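Okay, structure first, notes after.
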2 protein chains.
Amino acid sequence: MHEQAPYLRFADELRKRIEDQEWTPGERLPSRAQLAEECGVTDGIVRRAQEKLIAEGVLTGRAGSGTYVAEPRERVRVVRSPERERTSGSAFEADMAALGKRATWESRSDAMVPAPADIAARLGIPEGDYCVRTTYEYLANDKPVQLSTSWEPYSITAGSLVVMPEAGPLAGEGVVRRMAEVGIKVTRAAERPEPGHADAEEANLLGIQKGALVTRIQRTYYSDGGRAVETADIVVPTALCEIVYDVSFGS
Amino acid sequence: MHEQAPYLRFADELRKRIEDQEWTPGERLPSRAQLAEECGVTDGIVRRAQEKLIAEGVLTGRAGSGTYVAEPRERVRVVRSPERERTSGSAFEADMAALGKRATWESRSDAMVPAPADIAARLGIPEGDYCVRTTYEYLANDKPVQLSTSWEPYSITAGSLVVMPEAGPLAGEGVVRRMAEVGIKVTRAAERPEPGHADAEEANLLGIQKGALVTRIQRTYYSDGGRAVETADIVVPTALCEIVYDVSFGS
DNA sequence: TCGAATTTGTGCGTATGTATC
DNA sequence: GGATACATACGCACAAATTCG
């Protein structure tokens, strides 16, 4: 057998001492220099051990401040199923209602944004065609839990009351109802979840560690004619949300 | 603005030279020492630049052999929807048939395995109760693309023809049909996808880089009485598979 | 078959940058 | 602004895997 590396041994020691409540969640650990001297290891060993525990979500590091025991934040359950589209209001509101939390969101829309190549491909339109782009930040009890960027071809809703997703009479009612307003029946969505890491901006917006694991969902809504009418990139941080796909079937 | 770190600059240079086909997919790059001297940077810079490109999936490294341009492997599309359960045969076979690939799998079942705490909780049974555990390796055209470990309470199927998932008359027919054999109507499944990294063993089995991104899906089937009858951990490597949840809804 | 040379992978200490107090 | 703390980048040494004579 291989002998374990010093920094791995020390990571195990730290993990154990945290489990034993030597430091409680939210509490600051001694500085690296202190820990190093106290435990008879070098500064570098401590750093690498802490890096590992940070990646595991056990610790969080704040530059200039210290290293803290991560507070076990309750994860918000997000259910994704066809039922979501049948209820009124947004699916996010329904999820939060089920958890007894207050659902709010902030959004910013830009009309007339030329579609980049990948978005154009997903929407089945020529690259550069104008789109309405909306970025969202979803909050549960005022704490951010999810991000999303939505793209709709401008040509579909131009001139109607629902051009802007978060303005007008159907604000916040979801793609299905808004598209019904312009005579389009949306019958299907495809969701493509892919794992990834939070970049600096995402980490900042969501209040999580940079590099933390996230699921990026590419969601596209299709009309009954099979035409893509909206596509979105949804960022779901693992530390804050639990995704559940509900798959129900008859006999 | 910040000036970019040397290893990031060199990573960009390497990326560009690869895009320019200086080395074609599958081809070996010069060794670190050669590249370092040739480009006037240190050995460490080259290594870190290559590490970054390996994480991005642009390169793959093989110890003792060299660093190679990653071959753009076609990703297998795995569709997850209620329809999967209505067709005969396994859902994996249906997915591969849609792609014109041959679906095969290897499995190994152990009866009478005591349920660990997390599995017991998911199945709603006491910890330590016996389960039938089956591990799978799924192959598309003989190349592994997915792993899975399935758990069923032994008490449900004990004494029947379908105790072992991959033996008997309904081998390979899926949970829904097998459970029907013992009088249980399975009507619902919940899937919980979570991002993660491949460990050494998974990377080995799947032929991917250690630490590569994967989606781990916790899937649980429920009977019409709401009882959990099977739960599985499915490992889906991002490099090899594309997951699509098909969400269809009426008006 | 075996061993030496080569190549990548891992671990570690130091120097420097940057945020916080 | 100074002191302190974590974050990033870097070079070196050694281990592990492979290759080849």
Side-chain angles (χ1 to χ4, degrees), chain A residues 1-12 14 23 26-55 58-70 197-201 203-204 207-212, chain B residues 1-12 14 23 26-55 58-70 197-201 203-204 207-212:
Chain A
M1 282 300 295
H2 317 291
E3 193 180 342
Q4 217 173 196
Y7 86 98
L8 290 175
R9 298 188 65 80
F10 188 67
D12 288 340
L14 270 186
W23 304 286
E27 196 174 349
R28 214 203 78 169
L29 268 60
S31 76
R32 284 213 268 266
Q34 282 175 324
L35 273 176
E37 188 179 9
E38 179 187 316
C39 304
V41 295
T42 66
D43 180 88
I45 306 265
V46 177
R47 176 160 41 79
R48 276 160 183 103
Q50 290 184 343
E51 276 170 6
K52 186 168 156 59
L53 296 185
I54 288 172
V58 176
L59 296 175
T60 66
R62 275 180 262 172
S65 174
T67 305
Y68 299 77
V69 178
H197 295 282
D199 63 30
E201 188 190 345
N204 201 40
I208 58 176
Q209 291 284 121
K210 179 179 163 188
Chain B
M1 282 300 294
H2 318 291
E3 192 179 342
Q4 218 173 197
Y7 85 99
L8 290 174
R9 298 187 63 81
F10 189 67
D12 289 340
L14 270 186
W23 305 285
E27 195 175 348
R28 214 203 76 169
L29 268 59
S31 75
R32 286 208 294 250
Q34 283 177 324
L35 273 176
E37 188 179 10
E38 179 187 316
C39 304
V41 295
T42 67
D43 180 88
I45 305 271
V46 177
R47 176 158 39 78
R48 276 160 187 103
Q50 288 184 344
E51 276 170 8
K52 184 166 157 59
L53 296 185
I54 287 172
V58 175
L59 296 175
T60 67
R62 275 179 265 173
S65 175
T67 305
Y68 299 77
V69 178
H197 295 283
D199 64 29
E201 187 190 345
N204 202 39
I208 58 177
Q209 291 284 122
K210 179 179 162 188

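Remember, predicted model here, so these are calculated numbers, not experimental data. Naming: A, B, ... by sequence-line order, numbering from 1 per chain.
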To the nearest Å, how far apart are A:Gln209 CD and D:dA7 P?
-> 7 Å
Answer yes or no: are there more than 12 heavy-atom neighbours, outside B:Glu27 itself, under 6.0 Å from its atom CD?
-> yes
Residue B:Ala5, side-chain atoms from C-beta onward, closest of C:dT8, C:dT10, D:dA9 = D:dA9
Under 3.5 Å donor-acceptor pair, B:Arg28 side-chain atoms to C:dT8 base atoms = no
Contact class for A:Arg62 (heavy atom, under 4.0 Å): base, sugar-phosphate, or nothing?
-> sugar-phosphate
May I ask you to verify if any side-chain N or O of B:Ser65 is less than 4.0 angstrom from the OP1 or OP2 atom of D:dT18?
-> no
Nucleotide C:dG17, atom P - distance to CD of B:Gln4 in whole Å | 17 Å
Interatomic distance, OG1@A:Thr42 vs CZ@A:Arg47, rounded to 0.5 Å, equals 8.5 Å
B:Ile45 has a side chain; which of D:dT8, C:dC12, D:dG11 sits nearest to it?
-> D:dG11
Phosphate-side-chain proximity, A:Lys210 and D:dT8, N/O vs OP1/OP2 below 4.0 Å = yes
Between B:Thr42 and A:Thr67, the residue closer to the 5' end of DNA chain D by nearest nucleotide is A:Thr67
Supply the atom-to-atom distance B:His197 NE2 to B:Gln209 CD, rounded to the nearest 0.5 angstrom.
-> 13.5 Å
Separation of atom CZ in A:Phe10 from atom C1' in C:dC12, rounded to whole Å | 15 Å
Of all the choices, C:dT8, C:dA19, D:dA5, which nucleotide is nearest to the side chain of B:Ser31 once you look at every atom?
-> C:dT8
D:dA17, D:dT8, C:dG11: which one has an atom nearest the side-chain heavy atoms of B:Arg47?
-> C:dG11
Separation of D:dC10 C1' from B:Asp43 CG (nearest whole Å) = 11 Å
Find the distance A:Leu8:CG to C:dT10:P and express it as a whole number of Å.
-> 11 Å
Where is the tightest heavy-atom contact between B:Arg28 and B:Gly66, given as atom of each residue plus distance?
-> CD-CA, 4.0 Å
More 5' along DNA chain C: B:Gln34 or B:Arg48, using each one's nearest nucleotide?
-> B:Gln34
Between D:dA9, C:dT10, C:dG11, spot the one nearest the side chain of B:Pro6, thanks.
-> D:dA9
Among C:dT20, C:dG11, D:dC6, find the nucleotide with the atom closest to the side chain of A:Tyr7.
-> C:dG11
To the nearest angstrom, how far is B:Leu59 atom CG from C:dT7 atom P?
-> 16 Å
To the nearest 0.5 Å, what is the distance between OG1 (A:Thr60) and CD (A:Gln50)?
-> 10.5 Å
From CZ of A:Arg32 across to C1' of C:dT14 the rounded distance in Å is 13 Å
Gap between atoms NZ and C1', on A:Lys52 and D:dC6 respectively (whole Å) = 20 Å
